[in-house]
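Notes follow once the structure below has been shown.
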Amino acid sequence: QVQLVESGGGLVQTGDSLRLSCAASGLTFSNYAMAWFRQARGKVPQFVAVVTQDGITYYGDFMRGRFTISRDTAKNTVYLQMNNLEPEDTAVYSCAATTTRAGVAVYAQTRYYRSWGQGTQVTVSS
């Protein structure tokens with residue numbers, strides 16, 4: 001059974017940084033593309049970033065170079081480094097895993113992910 005456990009969220013101020021982690025178990029990590037999505041209260045989930053099985057990264061349009069996704073295969077963990085945080089970044093951030101191999105148009109859609117973590121809250125105060 002695939003299990004994804006996020007950590008690293010919290011309450012920060014505008015301009016601060018956070019690094020989220022997602023520890024994966026019950027899977028062959030190298031076979032999965034790993035993604036981050038976020039969902040603000042009352043809004044639909046939004047694609048944040050994905051790192052593919054081959055280490056290719058894609059980002060949501062709102063990133064503006066502030067976020068970086070990476071994966072550590074030895075630790076079965078995917079990270080999201082978030083810099084220069086803004087109040088608009090406040091959301092629950094969830095990681096997801098898929099064996100799909102495709103382009104960003106597919107990776108950006110939640111329906112292609114079968115495994116999800118429980119999410120970690122990120123709150124950015126102004």
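All values below were derived from every heavy atom in this structure, side-chain atoms included, with hydrogens, water molecules and symmetry-related copies excluded.
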- Item | Nearest-0.5 Å distance, CG of residue Leu80 to CE of residue Met34 | 12.0 Å
- Side chains of Val124 and Glu88 in contact at under 4.5 Å (non-hydrogen atoms): no
- Same cluster (ILVMFWY, side-chain, under 4.5 Å), Leu18 and Val92: no
- Item | Aromatic plane relationship, Tyr113 with Phe37 - under 30° parallel, 30 to 60° tilted, over 60° perpendicular | perpendicular
- Point-to-point distance, once rounded to the nearest 0.5 Å, from CZ of Arg19 to CE of Met82: 11.5 Å
- So how far is it from Cys95 SG to Arg71 CZ, rounded to the nearest 0.5 Å? 11.5 Å
- Query: Where do Pro45 and Thr110 come nearest, in terms of heavy atoms and distance?
  - Reply: CB-CG2, 4.0 Å
- Quick check: does any side chain N or O of Glu6 sit under 3.5 Å from a backbone N or O of Gln118, one acting as donor and the other as acceptor? yes
- Message: Donor-acceptor pair, distance only, cut-off 3.5 Å: does the side chain of Thr14 make one with the backbone of Ser125?
- Response: yes
- Does any N or O in the side chain of Tyr107 come within less than 3.5 Å of the main-chain N or O of Thr100, such that one atom is a donor and the other an acceptor? yes
- Mind checking the CD-OG spacing from Glu86 to Ser126? Nearest 0.5 Å is all I need. 12.0 Å
- Item | Ile69 backbone acceptor or donor facing Tyr59 side chain under 3.5 Å | yes
- Closest non-hydrogen contact found for Ala97 with Leu27 is CB-CD2, 4.5 Å
- Query: Does Val78 belong to the same Ile/Leu/Val/Met/Phe/Trp/Tyr cluster as Trp116, with side-chain heavy atoms less than 4.5 Å apart forming each link?
  - Reply: no
- Message: For Arg114, is the CZ atom crowded, meaning more than 12 foreign heavy atoms sit under 6.0 Å from it?
- Response: no
- Can you find a heavy atom in the side chain of Arg66 that is under 4.5 Å from one in the side chain of Asp89? yes
- Message: For the CG atom of Leu4 and the SG atom of Cys22, what is their distance to the nearest 0.5 Å?
- Response: 4.5 Å
- Student check: side-chain heavy atoms of Val5 and Ser7 closer than 4.5 Å: no
- Hey, what do you get for CG (Asn76) to OH (Tyr32), rounding to the nearest 0.5 Å? 11.0 Å
- Checking Thr77 side chain against Ala23 main chain: does a donor-acceptor pair fall under 3.5 Å? no
- Stepwise, does the side chain to side chain contact (heavy atoms under 4.5 Å, CB included) test hold for Phe67 with Leu85? CA-CA 9 Å; Phe67 294 6; Leu85 285 162; 4.0 Å; yes
- Query: Quick one: does Val122's side chain get under 4.5 Å of Arg38's, heavy atoms only?
  - Reply: no
- Item | Hphob cluster co-occupancy, Val51 + Trp36, side-chain heavy atoms under 4.5 angstrom | yes
- Note on the structure: By side chain to side chain contact (heavy atoms under 4.5 Å, CB included), Asn83 pairs with (sequence neighbours left out) Ser17, Gln81
- Report yes or no: does Gln53 contribute a side-chain atom to a donor-acceptor pair with the main-chain N or O of Thr99 at less than 3.5 Å? yes
- Item | Check: Thr68 and Tyr79 side chains under 4.5 Å, non-hydrogen atoms | no
- Taking the side chain from Thr98 and the backbone from Tyr112, do they hold a donor-acceptor pair closer than 3.5 Å? yes
- Message: Take a 6.0 Å sphere around CG of Asp61 and say whether it holds more than 12 heavy atoms from other residues, nucleotides or ligands.
- Response: no
- Query: Of the non-hydrogen atoms in Gly9 and Thr120, which two are nearest, and what is the gap between them?
  - Reply: N-OG1, 3.2 Å
